[in-house]
Amino acid sequence: MVKPTGEMPTDWGIGHYERTAEMLLPAADVLVRAAAVRSGERVIDVGCGTGNAALLAAARGADVTAVDPSPRLLAVSSARAEQDHVDVTCALGEAASIPAPDRAFDCVLSNFGVIFAADAHAAVKEMARVLALDGRVALTSWLPGGALEALAKAAQQLVRSAVGAPPAPPGFAWHDESALAALFLQHGMTTNLEGPHELTFTATSPEDYLDAEMKSHPMAVTGLEVLRQRGHAEQALEQLLEVLRSHNEDPKAFRSTSRYIVVLARRM
Ligand SMILES: C[S@@+](CC[C@H](N)C(=O)[O-])C[C@H]1O[C@@H](n2cnc3c(N)ncnc32)[C@H](O)[C@@H]1O
């Protein structure tokens with residue numbers, strides 16, 4: 001997944017991210033299990049969204065803080081915690097600026113959150129700062145491939161062309177074993193990768209998937225508005241539909257499999 005323009009950070013409170021969050025919940029469960037979160041541990045969920053990993057950690061009895069740049073999604077996290085009768089402290093912040101003292105957490109979790117940080121180095125430095133000496137970081141990251149990556153890339157390119165921006169520079173390779181090892185090493189940490197795991201996204205047809213995505217996903221809603229303002233929306237939607245059709249794994253409906261890894265990091 002990539003930002004629609006590459007320059008403007010997405011407001012993840014736009015649209016209805018809750019729909020995507022439900023689809024990412026199984027990965028949050030994989031993440032919390034891989035991190036082996038225990039009762040009484042101090043845990044932070046960075047880029048918590050609607051609180052998927054935070055709530056699962058809290059259900060295990062951890063003392064949980066949830067951080068996100070979107071005030072609306074933090075409010076959703078808070079409401080879900082109340083509904084589930086678990087305590088989660090929600091705080092506005094982002095990966096490169098975590099509102100917490102040094103060494104405050106036994107475990108830093110991030111379910112497809114920190115991978116959106118504009119500066120991967122700053123994000124890992126900050127996660128290392130708030131981590132206890134014997135703590136661990138656990139995060140999920142997409143592997144390349146599948147219809148949804150192709151869709152995000154095509155959408156990004158269409159929006160960039162519409163506003164006259166050059167192709168987006170490549171971001172940090174959160175899926176690449178040696179890039180991850182080198183990045184965490186700079187902050188005194190070693191990494192282990194777990195997986196690959198899979199998430200399957202389905203709909204009755206490619207048209208239905210695209211329609212739901214365009215109405216709900218914050219990046220899609222933001223990008224489509226840019227295309228509409230410039231009169232490119234109709235043609236762009238046709239092209240995006242073709243991307244989904246050509247990658248569809250189910251000829252009778254729509255299915256796309258996305259693969260991801262869990263990155264586990266500890267101090268050396
Ligand atoms: C794909 S969503 C994942 C949300 C959640 N972890 C989940 O399991 O559904 C990405 C989340 O990262 C947040 N985010 C975007 N930029 C961020 C940054 N620089 N630091 C931390 N979180 C960020 C967004 O607000 C959004 O909630």
Side-chain angles (χ1 to χ4, degrees), residues 1 12 17 20-70 73-74 76-78 80-81 84 86-117 120 122-142 172 174-175 180 183-184 187 189-195 197 199 260-267:
M1 292 278 200
W12 287 76
Y17 176 71
T20 306
E22 269 181 40
M23 299 193 269
L24 300 190
L25 184 56
D29 189 45
V30 167
L31 176 68
V32 170
R33 285 171 196 272
V37 171
R38 293 183 296 273
S39 181
E41 284 193 310
R42 299 160 301 164
V43 173
I44 185 166
D45 179 6
V46 178
C48 65
T50 60
N52 277 345
L55 265 65
L56 291 168
R60 288 178 165 229
D63 177 3
V64 180
T65 299
V67 168
D68 200 275
S70 163
L73 296 185
L74 280 177
V76 175
S77 291
S78 243
R80 286 181 72 202
D84 288 6
V86 290
D87 278 337
V88 172
T89 303
C90 293
L92 201 60
E94 56 125 353
S97 173
I98 297 175
D102 296 356
R103 297 178 187 171
F105 299 102
D106 304 300
C107 181
V108 176
L109 296 174
S110 190
N111 192 40
F112 306 114
V114 70
I115 58 170
F116 288 96
V124 171
K125 184 178 178 191
E126 187 67 346
M127 290 195 291
R129 179 185 71 76
V130 300
L131 193 65
L133 284 181
D134 58 351
R136 71 265 187 216
V137 173
L139 62 94
T140 46
S141 173
W142 299 114
F172 177 72
W174 286 100
H175 61 274
L180 284 161
L183 175 58
F184 279 86
H187 303 286
M189 302 180 85
T190 56
T191 48
N192 272 304
L193 307 192
E194 203 219 67
H197 300 276
L199 269 183
Y260 67 96
I261 48 169
V262 179
V263 182
L264 295 162
R266 287 182 178 277
R267 286 185 210 284

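Values below: all heavy atoms of this structure, side chains included; hydrogens, waters and symmetry mates excluded. In what follows, residues are counted from 1 in the order of the sequence shown. Here the structure is a predicted model, which means the values were calculated and not measured.
Every residue two or more places apart in sequence or in another chain that forms a ring-ring contact (aromatic ring centres under 6.0 Å, His included) with His197 is listed here: Tyr260. Scanning for side-chain hydrogen bond (donor to acceptor under 3.5 Å, both in side chains) contacts around Arg103 gives an empty result, with sequence neighbours left out. Legend: residues meeting salt bridge (charged side-chain N to carboxylate O under 4.0 Å, His left out) with Asp63, ordered by chain and number and at least two apart, are absent.
In this structure, the side chain of Arg266 does not engage the main chain of Asn192 through any donor-acceptor pair within 3.5 Å. No side-chain donor-acceptor contact under 3.5 Å links Thr89 to the backbone of Thr65. Distance alone, capped at 3.5 Å, is enough to place a donor-acceptor pair between the Glu126 side chain and the Ile98 backbone. Within the 3.5 Å criterion, the main-chain N or O of Leu139 finds no donor-acceptor partner in the side chain of Ser110. Within the 3.5 Å criterion, the main-chain N or O of Gly49 finds a donor-acceptor partner in the side chain of Asp68. Listed for the Asp29 side chain is no donor-acceptor partner under 3.5 Å among the backbone atoms of Leu56. Side-chain atoms of Ser141 come within 3.5 Å of backbone atoms of Trp174 as a donor-acceptor pair (strictly under, hydrogens ignored). Panel note: side chain Arg267, backbone Ala128; a donor-acceptor pair is recorded below 3.5 Å.
Residue Arg33 qualifies as open at atom CZ: its count of foreign heavy atoms under 6.0 Å is 12 or below.
Looking at heavy atoms from C-beta onward, Phe172 lies out of side-chain contact with Val114 at the 4.5 angstrom threshold.
For Glu41 and Arg136, the salt-bridge test passes: some basic side-chain N is under 4.0 Å from an acidic carboxylate O.
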Cys48 vs Leu73, test: side-chain contact (heavy atoms from CB on, under 4.5 Å). Steps then yes/no. CA-CA 8 Å; Cys48 65; Leu73 296 185; over 6 Å; no
